[in-house]
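Notes for the one structure printed next.
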Amino acid sequence: MSETRKPFPFHEFEPAWQARWDAEKTFRTPGPGDEGFDPAKPKYYVLDMFPYPSGAGLHVGHPEGYTATDIIGRYKRMNGFNVLHPMGYDSFGLPAEQYAIKTGQHPAVTTAENIETFRRQLKALGFGYDWDREIATTDPGYVRWTQWIFLQIYQSYFCGETNRARPVSELEAKGWTREEIDNVRLAYVADTPVWWSPDLGTVLANEEVEEWKAKGHTVERRPLRQWMLRITKYAQRLIDELDGLDWPEGIKLLQKNWIGRSEGATVRFQISNFESQIEVFTTRPDTLFGATYMVLAPEHPLVERITTEDRMAEVEAYRKTCATKSDLDRGDLNKDKTGVFIGAHAVNPVNGAEIPIWIADYVMMGYGTGAIMAVPAHDERDFEFATKFELPIVQVVQPGEDVDWRGFTDYGTAVNSDFLDGLPTSEAKAKMIGWLEANGKGKGRIQYKLRDWLFSRQRYWGEPFPIVWKDGRHEAIPEGELPLLAPPLEDYKPSGSPEPILSKAKDWVELPDGSLRETNTMPQWAGSCWYYLRYCDPMNEERFVSKEAEKYWQNVNLYVGGTEHAVLHLLYARFWHKVLFDLGHVSTREPFQKLVNQGLILGEDGQKMSKSRGNVVNPDDVIREYGADALRLYEMFMGPLEQVKPWQMKGVEGVSRFLARVWRVALDEGADGSYAISPKLRDEPCADAELRRVVHETIKKVGEDIEKLSFNTAISQMMICTNAFTQAQVVPRGEFVDFLKLLNPFAPHLTEEIHARVGGEGMLSEMAWPDYDPAALVRNEIEFIIQVNGKLRERLKLGRDSGEEEVKAAALASAKVAEFIEGKTIRKIVFVPGKLMNLVAN
RNA sequence: GGCGGCUUGGCGGAAUUGGUAGACGCGCUCGACUCAAAAUCGAGUUCUAACGAGUGUGGGUUCGAGUCCCACAGCCGCUACCA
């Protein structure tokens, strides 16, 4: 293959500029206490979701968000902001370890290699990061503070009265026992049914299960002793405090749905012939009179105790089937409802009716109380179940006219419900809750879907817990011992048993005083929960971030990343941030003020990029062929940042041609391949009013569009401007250099190179953003649109200040207009000054 | 099933408060340059021979609707028996 000739020598100047930015630390950002810090400057913190350094290197999705933030960062810098725009690596985690096992190398080695690759690729794109702030979550200096934050969480509890986290030392002072305190810590140990993956050798958080199953790993339910974080205490605040954030509504909604708040009541049903009661949660206490049976989750602890002798065999058999079923089978919607009667009965507290108790796998142990009252008349699932097993269906809600009450689940009017009869549903609910509370049969309750966060993993490549076990109790290690690093291990492969990998390192686990180290490790989310804080002060050895740096930089003004983190990373990070806020370690309630999700880039075939489809575009190839500026510009020109859009190699060629046109405005190629300054480029004021108008319109639009993150339209305006320069006889230097400044955030290498070649001094990226002259935008003649009955019939060039009478006279004088109003009477005239006139005639 | 997003030429996409639909780019056509081609520069390009029609479909509001309202359809994403 012959080397294609480059239309401009990007392959020479791009690496040269990158080297210069590196050497001169052009994008170094001084913070409080640093040399060169100017506290008078406004700050702007623009953040990318840092990459997980996979073995595959960057894909084209990374530069999409990264270019967008780079443009914003450079633009804000030119507008006088002190811009924090850092980059780092989310380098712990399961995928890194899987990759290491696959390649037979230690994860520390592969991670270092992968980071090296990512760094090289990021630098080849010319991003204006402050590389002095680069961090990796695996750095011991970073691990130390991740563990320190964990200890803050561990040493705290959630105070219901003040609705915030407080140190447990306050409880100690109040005389709480060790045991009582352990029961309220925000980080606690619990034996709980968890998602265990034998082939990954670890448990997974609820949120992660789907992802790994999709990758072909098996996941099963299993009770294990695990570390949990009490995120549920923050459920309400995690919902409420979304309000002040400038996030896409869709993402807020996703978080709210994930947290899943529902209002209702708990109701206690007495079990006939037993002391025990069954507590259920319902969002429809108004339908209590319609409860004709009860259902317990198959795993419900009461089942063993209350099942009657004659039903025992069948119940046991059913429970066994449920236990072996993966939740995939269980979640299969097309499946029939199944369940068995356990022989026991309960008493409906509101009418004394004896109703049968069943178990069925459509009731989940993990939500509410793991038991329901079934109201088949007004719940789809109960209706289906009752129909199948021929259980009674009693109407208690009356829908509007012509609607069948069977299976009617909306709000209506209470019927067959004694003291609720005639009340609309919302009032009936309130009245029933009042009745339950007055009679001690239940109370109003708010229930969340959100579970506590399963925080421990059994794998090697993660932060060890800074915890030791003494006499069967957990205890924090002294802060001075941080970071606590994992011991070097030859064999870190999963064994298939739930025993954590670190337990193999006996010397590390067993301490001289007989205590044992915790052998679980933290999940990958731990590092990404606070990296945006560490960037503010990455070298600090005294604190996770200095008070001054935190105060100056927080919170993040703009955070750009993919939607895949809508409920995981973004929820966890908010939770940690709130704990740190409550404890006085950070000054803002929320970490990310504005969030933008970049849209997925699809392959050329309109399908998701994947190796198996063979439609993956490698950014390295694009840079080699067209240059980094062309890649950056293309990704911004494809369409709106937030939209899903397909890749088109022809489109890259298009923007590459545009960049070549910009180059040729200023530089002529000689016969020998060298470049000389174009004679069209003159050091004189702009005499061409039209050219000047286009330039100033471009200054205005590009600035406004960057603020709106509408990069594709900014680029199209710069194309218009370039076409005007190309066609002009004389290109005034002042206007051209202003144009280069506008293009600089998008195509930093090319613009700096042109500027230097035409003798410009200094770097464009360190200059001020140009202002536009409003006077230059004014046109003297405007094309007025003349409509007849709303349809365009004529265009008339008239003075820009033409009034209604003037335009009307001109319109009536037009032959085209006359044709359409002939024989008609003008009933009305709509006039939009400077724009159009509509003649309404019939 | 639920929730969210999307639907504009051959393609990616533009269109302030409702006011010229199709900016800009790709592709294509023609011309200039060239022995020729590429590259480049210039002209054209929604459909239709034309009258006209036209922003997924059907209705509505309005002097005027891609934009607002109602109903429906299709595609994509997330979620899934949450009581």
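What you see is a predicted model, and the numbers here were worked out from it, not measured in a lab. Below, read A as the first sequence line, B as the second, and so on, with proteins coming before strands; counting in each chain starts at 1.
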Whole Å only: how far is the OH atom of Tyr293(A) from the C1' atom of rA83(B)?
-> 11 Å

Specify the separation, in whole Å, of atom CG of Leu296(A) and atom P of rC81(B).
-> 19 Å

Might you work through the side-chain contact (heavy atoms from CB on, under 4.5 Å) test for Ile785(A) and Val832(A), ending with a clear yes or no?
-> CA-CA 10 Å; Ile785(A) 299 308; Val832(A) 182; over 6 Å; no

Starting at atom CZ of Arg381(A), determine the distance to atom P of rC82(B), rounded to an integer number of angstrom.
-> 4 Å

Which of rA83(B), rU20(B), rA14(B) is nearest the side chain of Ser262(A)? It is rA83(B)

Under 3.5 Å, is there a donor-acceptor pair between the side chain of Lys252(A) and the main chain of Trp247(A)?
-> no

Classify the nucleic acid contact of Val375(A) as base, sugar-phosphate or nothing, counting any heavy atom under 4.0 Å across all strands shown.
-> nothing

Sugar-phosphate, base or nothing in reach of Leu253(A), heavy atoms under 4.0 Å = sugar-phosphate

Say you pick atom C1' in rU7(B) and the same atom in rC11(B); how far apart are they, in whole Å?
-> 15 Å

Could you give me the CA-CA distance, side-chain angles and deciding distance for Arg261(A) and Glu263(A), then say whether salt bridge (charged side-chain N to carboxylate O under 4.0 Å, His left out) is met?
-> CA-CA 7 Å; Arg261(A) 180 187 204 271; Glu263(A) 279 181 48; 2.7 Å; yes

Rounding to the closest angstrom, what is the interatomic distance between rA14(B) and rG25(B) at atom C1'?
-> 11 Å

With a 4.0 Å cut-off on heavy atoms, is Gln727(A) in touch with a base, just the backbone sugar-phosphate, or nothing at all?
-> sugar-phosphate

Take the angle between the ring planes of Tyr362(A) and Phe385(A) and call it parallel below 30°, perpendicular above 60°, tilted in between.
-> tilted

Charged N-O contact under 4.0 Å between Glu781(A) and Lys797(A) = no

5′-ward residue of the pair Lys701(A)/Arg795(A) relative to RNA chain B | Lys701(A)

What is the distance from CG of Leu600(A) to P of rC76(B), rounded to the nearest Å?
-> 14 Å

Indicate whether OP1 or OP2 belonging to rA83(B) is found under 4.0 Å from a side-chain N or O atom of Gln447(A).
-> no

Would one find a side-chain N or O of Arg664(A) under 4.0 angstrom from OP1 or OP2 of rA39(B)?
-> no

Taking the inter-plane angle between the rings of His378(A) and Phe408(A) on a 0 to 90° scale, is it parallel (under 30°), tilted (30 to 60°) or perpendicular (over 60°)?
-> perpendicular

Given Val662(A) and Phe739(A), is the side-chain contact (heavy atoms from CB on, under 4.5 Å) satisfied, shown in steps?
-> CA-CA 10 Å; Val662(A) 175; Phe739(A) 169 79; 3.9 Å; yes

Quick one: is rC78(B) close enough that its OP1 or OP2 comes under 4.0 Å of any side-chain N or O from Thr563(A)?
-> no

Rounded off to whole Å, could you give me the CH2-to-P distance for the Trp258(A) and rC82(B) pair?
-> 15 Å

Looking only at atom P, what distance separates rC76(B) and rC63(B), rounded to whole Å?
-> 41 Å

Identify which nucleotide among rC3(B), rC82(B), rG19(B) has an atom closest to any side-chain atom of Tyr367(A), counting heavy atoms from C-beta outward.
-> rC82(B)

Checking rC82(B), rC81(B), rG19(B) against the side chain of Lys337(A) (C-beta onward), the nearest is rC81(B)

Judged by whether its glycosidic angle lies within 90° of 0, rG9(B) is syn

Which heavy atom in Thr698(A) sits nearest to a heavy atom in Gln717(A), and how many Å separate them?
-> OG1-NE2, 3.0 Å

Nearest of rC81(B), rU20(B), rG42(B) to any side-chain atom of Tyr362(A)?
-> rC81(B)

Which is true for Lys645(A) with a 4.0 Å heavy-atom rule: it touches a base, it touches only sugar-phosphate, or it touches nothing?
-> sugar-phosphate

In whole angstrom, give me the gap between the C1' atoms of rC28(B) and rU34(B).
-> 22 Å

May I have the step-by-step check of side-chain contact (heavy atoms from CB on, under 4.5 Å) for Val375(A) and Val397(A), ending in yes or no?
-> CA-CA 11 Å; Val375(A) 184; Val397(A) 180; over 6 Å; no

Just by distance, do the side chain of Asp705(A) and the backbone of Asn712(A) share a donor-acceptor pair under 3.5 Å?
-> no

Separation of rG19(B) atom P from Asn838(A) atom CG, nearest Å, is 14 Å

Out of rG13(B), rC82(B), rC63(B), minimum distance to the side chain of Val840(A) belongs to rC63(B)

For RNA chain B, stems built from three or more consecutive Watson-Crick or G-U wobble pairs below 3.5 Å | B:1-7 with B:73-79, B:10-12 with B:24-26, B:27-32 with B:40-45, B:56-60 with B:68-72

First encountered from the 5' end of RNA chain B, between Asp382(A) and Leu839(A) = Leu839(A)

Please determine if Glu704(A) and Lys700(A) form a salt bridge, counting it only when a charged side-chain N lies under 4.0 Å from a carboxylate O.
-> yes

Spacing of Phe820(A) atom CZ relative to rC63(B) atom C1', expressed in whole Å | 17 Å

Whole-Å distance separating the CD atom of Glu819(A) from the P atom of rC51(B) = 11 Å

With the threshold set at 4.0 Å, does a side-chain nitrogen-carboxylate oxygen contact exist between Glu690(A) and Arg693(A)?
-> yes

Looking at rA83(B), rA53(B), rG13(B), which one has an atom nearest to any side-chain atom of Lys791(A)?
-> rA53(B)

Please tabulate, one pair per line, each protein N/O and nucleotide N/O from nucleotides 21-30 of chain B that are separated by under 3.5 Å, including the distance.
unit_1	atom_1	unit_2	atom_2	d
rG25(B)	OP1	Asn723(A)	ND2	3.3
rC26(B)	OP1	Arg657(A)	NE	3.0
rC26(B)	OP1	Arg657(A)	NH2	2.9
rG27(B)	OP2	Arg657(A)	NH2	3.0

